[in-house]
Amino acid sequence: MIDETVREIEEMQTQSSSIVAVKAAKALRELTERECHTVEDFNRVVERNSSALQRANRSHAPLYTTQQRIVEAVKESDADNVEEAKTALVEAIEAVVEEVESSKQRAAERAAELVDDGDVLLTHENSSTVMATFDEVVGAGKEVETFVTESRPRFLGRKTARQLAERDGVATTLITDGAAGHYLEEVDRVLVGMNCVIDDVVYNRIGTHSVVASAASHGVPVTVVGSSSKFIGSGFTFENTFRPASEVMLEPAEGFEVANPGYDATPTRLIDSVVTENAVMEF
(Lines give C-alpha, C1' and ligand atoms only; values in the text may rest on other atoms or scores of the structure.)
Protein backbone atom coordinates (compact mmCIF):
# COMPACT_ATOMS: atom_id res chain seq x y z
CA MET A 1 0.00 0.00 0.00
CA ILE A 2 2.87 2.39 0.71
CA ASP A 3 4.37 1.94 -2.77
CA GLU A 4 0.95 2.41 -4.35
CA THR A 5 0.34 5.56 -2.30
CA VAL A 6 3.75 6.95 -3.30
CA ARG A 7 2.85 6.46 -6.97
CA GLU A 8 -0.54 8.13 -6.48
CA ILE A 9 1.09 11.13 -4.82
CA GLU A 10 3.78 11.38 -7.52
CA GLU A 11 1.15 11.27 -10.26
CA MET A 12 -1.12 13.65 -8.29
CA GLN A 13 -4.05 11.25 -8.59
CA THR A 14 -5.32 12.72 -5.32
CA GLN A 15 -5.70 16.49 -5.53
CA SER A 16 -6.51 17.79 -2.06
CA SER A 17 -3.47 18.22 0.18
CA SER A 18 -5.56 17.21 3.21
CA ILE A 19 -6.67 14.00 1.54
CA VAL A 20 -3.09 13.27 0.49
CA ALA A 21 -1.94 13.67 4.11
CA VAL A 22 -4.64 11.30 5.37
CA LYS A 23 -3.95 8.66 2.70
CA ALA A 24 -0.21 8.77 3.38
CA ALA A 25 -0.77 8.46 7.13
CA LYS A 26 -3.07 5.47 6.71
CA ALA A 27 -0.59 3.84 4.32
CA LEU A 28 1.92 3.53 7.18
CA ARG A 29 -0.38 1.01 8.87
CA GLU A 30 1.15 -1.52 6.51
CA LEU A 31 4.29 -1.40 8.63
CA THR A 32 2.53 -3.10 11.54
CA GLU A 33 2.71 -6.28 9.44
CA ARG A 34 6.48 -6.05 8.98
CA GLU A 35 8.76 -8.30 10.99
CA CYS A 36 11.37 -6.39 12.95
CA HIS A 37 13.65 -7.79 15.65
CA THR A 38 14.17 -4.60 17.65
CA VAL A 39 12.42 -1.33 18.32
CA GLU A 40 15.32 0.46 16.69
CA ASP A 41 14.84 -1.58 13.51
CA PHE A 42 11.13 -0.77 13.46
CA ASN A 43 11.78 2.95 14.00
CA ARG A 44 14.17 2.93 11.04
CA VAL A 45 11.55 1.19 8.89
CA VAL A 46 8.97 3.80 9.84
CA GLU A 47 11.34 6.67 9.14
CA ARG A 48 12.48 5.22 5.80
CA ASN A 49 8.95 4.65 4.52
CA SER A 50 7.75 8.01 5.79
CA SER A 51 10.63 9.67 3.92
CA ALA A 52 9.57 7.89 0.73
CA LEU A 53 6.05 9.25 1.10
CA GLN A 54 7.33 12.78 1.73
CA ARG A 55 9.66 12.68 -1.27
CA ALA A 56 6.74 11.74 -3.51
CA ASN A 57 5.69 15.40 -3.52
CA ARG A 58 7.84 17.99 -1.78
CA SER A 59 5.29 20.74 -2.39
CA HIS A 60 2.70 19.12 -0.09
CA ALA A 61 3.23 20.84 3.25
CA PRO A 62 0.49 18.90 5.12
CA LEU A 63 2.10 15.67 3.94
CA TYR A 64 5.38 16.79 5.46
CA THR A 65 3.94 18.00 8.77
CA THR A 66 1.73 14.95 9.39
CA GLN A 67 4.46 12.48 8.52
CA GLN A 68 6.92 14.27 10.78
CA ARG A 69 4.44 14.08 13.64
CA ILE A 70 3.92 10.36 13.17
CA VAL A 71 7.64 9.57 13.03
CA GLU A 72 8.35 11.69 16.11
CA ALA A 73 5.48 10.09 18.04
CA VAL A 74 6.82 6.60 17.38
CA LYS A 75 10.37 7.59 18.35
CA GLU A 76 9.25 9.33 21.53
CA SER A 77 6.96 6.50 22.64
CA ASP A 78 9.89 4.79 24.43
CA ALA A 79 8.45 1.41 23.48
CA ASP A 80 9.95 -1.56 25.28
CA ASN A 81 9.34 -3.94 22.39
CA VAL A 82 8.30 -4.00 18.75
CA GLU A 83 4.64 -4.63 19.50
CA GLU A 84 4.48 -1.55 21.68
CA ALA A 85 6.17 0.44 18.92
CA LYS A 86 3.58 -0.80 16.44
CA THR A 87 0.81 0.24 18.81
CA ALA A 88 2.40 3.68 19.08
CA LEU A 89 2.43 3.92 15.28
CA VAL A 90 -1.27 3.07 15.00
CA GLU A 91 -2.16 5.57 17.72
CA ALA A 92 -0.11 8.30 16.02
CA ILE A 93 -1.78 7.60 12.67
CA GLU A 94 -5.25 7.72 14.20
CA ALA A 95 -4.46 10.97 16.03
CA VAL A 96 -3.18 12.64 12.86
CA VAL A 97 -6.11 11.50 10.74
CA GLU A 98 -8.61 12.64 13.35
CA GLU A 99 -6.98 16.05 13.66
CA VAL A 100 -6.80 16.61 9.89
CA GLU A 101 -10.41 15.64 9.32
CA SER A 102 -11.86 17.43 12.36
CA SER A 103 -9.89 20.64 11.79
CA LYS A 104 -10.98 20.68 8.15
CA GLN A 105 -14.60 20.34 9.22
CA ARG A 106 -14.35 23.09 11.84
CA ALA A 107 -12.64 25.40 9.35
CA ALA A 108 -15.47 24.75 6.88
CA GLU A 109 -18.05 25.62 9.54
CA ARG A 110 -16.34 28.96 10.21
CA ALA A 111 -15.99 29.77 6.51
CA ALA A 112 -19.66 28.98 5.87
CA GLU A 113 -20.64 31.69 8.35
CA LEU A 114 -19.12 34.28 5.98
CA VAL A 115 -21.46 33.22 3.18
CA ASP A 116 -24.91 34.81 3.09
CA ASP A 117 -28.03 33.35 1.57
CA GLY A 118 -28.18 34.39 -2.09
CA ASP A 119 -24.45 35.09 -2.42
CA VAL A 120 -22.68 34.63 -5.72
CA LEU A 121 -19.38 32.82 -5.18
CA LEU A 122 -16.40 31.91 -7.34
CA THR A 123 -14.04 29.04 -6.59
CA HIS A 124 -10.92 27.61 -8.19
CA GLU A 125 -9.54 24.04 -8.42
CA ASN A 126 -10.79 21.22 -6.17
CA SER A 127 -10.32 21.72 -2.43
CA SER A 128 -11.90 19.21 -0.06
CA THR A 129 -12.14 21.93 2.61
CA VAL A 130 -13.97 24.24 0.20
CA MET A 131 -16.35 21.40 -0.66
CA ALA A 132 -16.96 20.88 3.06
CA THR A 133 -17.72 24.61 3.31
CA PHE A 134 -20.36 24.29 0.61
CA ASP A 135 -21.86 21.38 2.54
CA GLU A 136 -22.13 23.62 5.60
CA VAL A 137 -23.66 26.42 3.53
CA VAL A 138 -26.29 24.10 2.09
CA GLY A 139 -26.85 22.46 5.48
CA ALA A 140 -27.72 25.86 6.91
CA GLY A 141 -30.46 26.24 4.32
CA LYS A 142 -28.66 28.87 2.26
CA GLU A 143 -28.84 28.99 -1.51
CA VAL A 144 -25.90 30.29 -3.54
CA GLU A 145 -24.81 30.71 -7.12
CA THR A 146 -21.27 29.58 -7.89
CA PHE A 147 -18.87 30.11 -10.77
CA VAL A 148 -16.22 27.38 -10.99
CA THR A 149 -13.06 27.85 -13.03
CA GLU A 150 -11.95 24.86 -15.08
CA SER A 151 -8.59 25.05 -13.26
CA ARG A 152 -6.40 24.13 -16.16
CA PRO A 153 -4.35 22.29 -17.22
CA ARG A 154 -5.74 19.34 -15.27
CA PHE A 155 -9.30 20.66 -15.31
CA LEU A 156 -9.80 20.11 -11.59
CA GLY A 157 -12.67 22.57 -11.66
CA ARG A 158 -14.72 20.20 -13.77
CA LYS A 159 -14.68 17.77 -10.86
CA THR A 160 -15.72 20.58 -8.53
CA ALA A 161 -18.57 21.59 -10.82
CA ARG A 162 -19.88 18.04 -10.95
CA GLN A 163 -19.71 17.74 -7.16
CA LEU A 164 -21.49 21.05 -6.61
CA ALA A 165 -24.16 20.20 -9.16
CA GLU A 166 -25.16 17.29 -6.91
CA ARG A 167 -25.92 19.66 -4.03
CA ASP A 168 -29.35 21.25 -3.74
CA GLY A 169 -29.14 24.99 -3.31
CA VAL A 170 -25.96 25.50 -5.37
CA ALA A 171 -26.56 26.84 -8.89
CA THR A 172 -23.29 26.02 -10.63
CA THR A 173 -21.68 27.47 -13.74
CA LEU A 174 -18.36 26.18 -15.11
CA ILE A 175 -16.15 28.82 -16.74
CA THR A 176 -12.70 28.91 -18.29
CA ASP A 177 -9.90 30.28 -16.12
CA GLY A 178 -9.53 33.31 -18.36
CA ALA A 179 -13.20 34.19 -17.92
CA ALA A 180 -12.91 34.77 -14.17
CA GLY A 181 -12.35 38.50 -14.59
CA HIS A 182 -15.44 38.75 -16.79
CA TYR A 183 -17.72 37.26 -14.14
CA LEU A 184 -16.16 38.78 -11.02
CA GLU A 185 -18.40 41.84 -11.33
CA GLU A 186 -21.27 39.52 -10.38
CA VAL A 187 -19.41 37.82 -7.52
CA ASP A 188 -19.79 38.54 -3.79
CA ARG A 189 -16.88 36.40 -2.58
CA VAL A 190 -14.06 34.22 -3.92
CA LEU A 191 -13.59 31.04 -1.92
CA VAL A 192 -10.44 28.93 -2.36
CA GLY A 193 -8.42 26.36 -0.44
CA MET A 194 -4.71 26.29 0.24
CA ASN A 195 -1.76 23.98 0.21
CA CYS A 196 0.06 25.96 2.89
CA VAL A 197 0.87 29.41 4.24
CA ILE A 198 4.53 30.33 4.75
CA ASP A 199 5.26 33.80 6.13
CA ASP A 200 2.99 36.14 4.13
CA VAL A 201 2.46 33.85 1.12
CA VAL A 202 -0.34 31.41 0.35
CA TYR A 203 0.74 28.50 -1.85
CA ASN A 204 -2.05 26.81 -3.78
CA ARG A 205 -2.85 25.16 -7.10
CA ILE A 206 -1.70 27.06 -10.17
CA GLY A 207 -4.09 29.77 -11.27
CA THR A 208 -5.01 30.83 -7.75
CA HIS A 209 -2.88 33.97 -7.92
CA SER A 210 -4.51 35.09 -11.16
CA VAL A 211 -8.00 34.65 -9.74
CA VAL A 212 -7.13 36.38 -6.46
CA ALA A 213 -5.35 39.30 -8.15
CA SER A 214 -8.29 39.81 -10.48
CA ALA A 215 -10.70 39.69 -7.53
CA ALA A 216 -8.61 42.31 -5.71
CA SER A 217 -8.81 44.63 -8.71
CA HIS A 218 -12.61 44.26 -8.69
CA GLY A 219 -12.87 44.80 -4.93
CA VAL A 220 -14.23 41.29 -4.38
CA PRO A 221 -13.24 39.77 -1.01
CA VAL A 222 -11.20 36.58 -1.14
CA THR A 223 -11.47 33.95 1.59
CA VAL A 224 -8.91 31.17 1.88
CA VAL A 225 -9.99 28.20 3.98
CA GLY A 226 -7.84 25.44 5.47
CA SER A 227 -6.64 23.91 8.71
CA SER A 228 -4.15 25.70 10.95
CA SER A 229 -1.65 22.85 10.36
CA LYS A 230 -1.09 24.39 6.93
CA PHE A 231 0.65 27.36 8.53
CA ILE A 232 4.20 26.15 8.20
CA GLY A 233 7.11 27.23 10.35
CA SER A 234 10.70 26.04 10.14
CA GLY A 235 11.81 22.71 8.71
CA PHE A 236 9.84 22.82 5.47
CA THR A 237 10.95 24.42 2.22
CA PHE A 238 8.29 24.67 -0.44
CA GLU A 239 9.41 23.07 -3.70
CA ASN A 240 7.12 23.61 -6.67
CA THR A 241 6.06 20.61 -8.71
CA PHE A 242 6.44 20.88 -12.46
CA ARG A 243 4.06 18.64 -14.35
CA PRO A 244 4.52 17.00 -17.79
CA ALA A 245 4.18 19.18 -20.88
CA SER A 246 1.61 16.72 -22.21
CA GLU A 247 -0.92 18.11 -19.73
CA VAL A 248 -0.73 21.43 -21.57
CA MET A 249 -0.61 20.22 -25.17
CA LEU A 250 -0.62 16.76 -26.73
CA GLU A 251 1.29 17.59 -29.92
CA PRO A 252 5.10 17.95 -29.79
CA ALA A 253 6.49 21.35 -28.86
CA GLU A 254 8.70 22.34 -31.78
CA GLY A 255 11.04 25.25 -31.20
CA PHE A 256 9.67 26.21 -27.79
CA GLU A 257 9.45 24.95 -24.22
CA VAL A 258 6.30 24.14 -22.28
CA ALA A 259 6.24 25.15 -18.61
CA ASN A 260 3.66 23.52 -16.36
CA PRO A 261 4.08 24.48 -12.67
CA GLY A 262 1.70 22.84 -10.25
CA TYR A 263 1.40 25.72 -7.77
CA ASP A 264 1.70 29.47 -7.49
CA ALA A 265 2.28 31.93 -4.67
CA THR A 266 -0.29 34.52 -3.62
CA PRO A 267 0.68 37.30 -1.18
CA THR A 268 -1.69 37.64 1.75
CA ARG A 269 -2.05 41.39 1.03
CA LEU A 270 -4.39 40.39 -1.83
CA ILE A 271 -6.54 38.27 0.48
CA ASP A 272 -9.41 39.43 2.66
CA SER A 273 -9.40 36.56 5.15
CA VAL A 274 -7.91 33.18 5.95
CA VAL A 275 -10.21 30.84 7.86
CA THR A 276 -8.97 27.95 9.98
CA GLU A 277 -10.61 25.82 12.65
CA ASN A 278 -9.34 28.31 15.24
CA ALA A 279 -10.10 31.73 13.83
CA VAL A 280 -10.97 34.04 10.96
CA MET A 281 -7.81 36.04 10.24
CA GLU A 282 -8.28 39.25 8.31
CA PHE A 283 -5.57 40.86 6.20
Side-chain angles (χ1 to χ4, degrees), residues 15-17 59 111-112 114-131 133-134 137 142-165 167 169-197 200-226 240-243 245 247-249 256-275 280-283:
Q15 306 303 334
S16 168
S17 58
S59 62
L114 301 178
V115 178
D116 294 326
D117 184 31
D119 270 357
V120 179
L121 307 174
L122 186 147
T123 191
H124 177 71
E125 60 108 19
N126 185 249
S127 162
S128 62
T129 312
V130 169
M131 296 309 298
T133 301
F134 275 103
V137 168
K142 302 173 187 176
E143 294 186 359
V144 295
E145 181 180 346
T146 305
F147 291 105
V148 183
T149 59
E150 281 189 305
S151 309
R152 300 187 180 208
R154 304 197 71 201
F155 301 106
L156 305 179
R158 295 182 182 181
K159 180 178 180 181
T160 300
R162 292 189 186 98
Q163 292 173 337
L164 290 178
R167 289 159 168 79
V170 184
T172 305
T173 301
L174 182 68
I175 62 174
T176 61
D177 292 9
H182 175 78
Y183 288 102
L184 275 167
E185 290 183 356
E186 306 174 31
V187 172
D188 296 300
R189 183 178 301 274
V190 171
L191 184 64
V192 294
M194 62 176 167
N195 177 281
C196 63
V197 178
D200 58 352
V201 176
V202 175
Y203 293 91
N204 199 45
R205 197 73 64 182
I206 195 72
T208 302
H209 181 275
S210 299
V211 170
V212 172
S214 185
S217 72
H218 283 77
V220 178
V222 176
T223 294
V224 178
V225 57
N240 209 337
T241 300
F242 286 82
R243 304 291 301 162
E247 290 182 352
V248 178
M249 58 184 293
F256 59 90
E257 299 292 328
V258 176
N260 185 19
Y263 301 87
D264 59 23
T266 302
T268 54
R269 60 181 171 78
L270 298 177
I271 294 168
D272 180 69
S273 57
V274 173
V275 180
V280 176
M281 291 163 282
E282 296 182 350
F283 293 90

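Here the CD1-OH distance, from I175 to Y183, works out to 7.0 Å after rounding to the nearest 0.5 Å. How far CE of M194 is from OG1 of T266: 12.0 Å, rounded to the nearest 0.5 Å. Rounded to the nearest 0.5 Å, atoms OG1 (T133) and CG (L114) are 9.5 Å apart. Expressed to the nearest 0.5 Å, how far OH of Y203 lies from CG of N240 amounts to 9.0 Å. Taken from OG in S127 to CG in L156, the straight-line distance is 11.0 Å, to the nearest 0.5 Å. From N204, atom CG reaches atom CG of D264 across 7.5 Å, with rounding to the nearest 0.5 Å.
For the residue pair Y263 and I206, the shortest heavy atom distance occurs at O-CD1, 3.5 Å. Across all their heavy atoms, S273 and V280 have their closest contact at CB-CG1, 4.1 Å. Smallest separation of non-hydrogen atoms from S59 and T241: OG-OG1, 3.0 Å. When all heavy atoms of G193 and V130 are compared, the closest pair comes out as N-CG2, 3.5 Å. When all heavy atoms of G157 and L174 are compared, the closest pair comes out as O-CD1, 3.8 Å.
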Start with the C-alpha gap between E143 and D117, add the side-chain angles, then the distance that decides, and say whether side chain to side chain contact (heavy atoms under 4.5 Å, CB included) holds.
CA-CA 5 Å; E143 294 186 359; D117 184 31; 3.8 Å; yes

Go through K159 and M131 one step at a time and tell me if the side chain to side chain contact (heavy atoms under 4.5 Å, CB included) criterion holds.
CA-CA 11 Å; K159 180 178 180 181; M131 296 309 298; over 6 Å; no

Should L121 and T123 be marked as a side chain to side chain contact (heavy atoms under 4.5 Å, CB included) after you check the CA-CA gap, both sets of side-chain angles, and the distance that decides it?
CA-CA 7 Å; L121 307 174; T123 191; over 6 Å; no

Apply the test side chain to side chain contact (heavy atoms under 4.5 Å, CB included) to residues H209 and L270: give CA-CA distance (whole Å), side-chain angles for both, the deciding distance (0.1 Å), then the verdict.
CA-CA 9 Å; H209 181 275; L270 298 177; 4.1 Å; yes

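Of the possible polar contacts, none joining the S214 side chain to the V211 backbone as a donor-acceptor pair under 3.5 Å is found. Under a 3.5 Å cut-off, the side chain of D188 and the backbone N or O of V120 do form a donor-acceptor pair. Between the side chain of K142 and the main chain of A112, a donor-acceptor pair closer than 3.5 Å is present.
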Which pairs of donor and acceptor atoms, one on a side chain in residues 144-151, lie under 3.5 Å apart (sequence neighbours left out)?
from : atom 1 : to   : atom 2 : distance (Å)
T149 : OG1    : H124 : ND1    : 2.7
T149 : OG1    : S151 : OG     : 3.3
E150 : OE1    : R152 : NE     : 2.8
E150 : OE1    : R152 : NH2    : 2.7
E150 : OE2    : R158 : NE     : 3.2
E150 : OE2    : R158 : NH2    : 3.0
S151 : OG     : H124 : ND1    : 3.4
S151 : OG     : E125 : N      : 2.6
S151 : OG     : T149 : O      : 3.2

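Residues that satisfy the salt bridge (Lys or Arg N to Asp or Glu O under 4.0 Å) test with E247, not counting sequence neighbours, are R154, R243.
Looking at T160 and N126, their side chains do bring a donor and an acceptor atom within 3.5 Å of each other.
Test T223, V224, V225 against V192 for side-chain contact (heavy atoms from CB on, under 4.5 Å) and you get one pass: V224.
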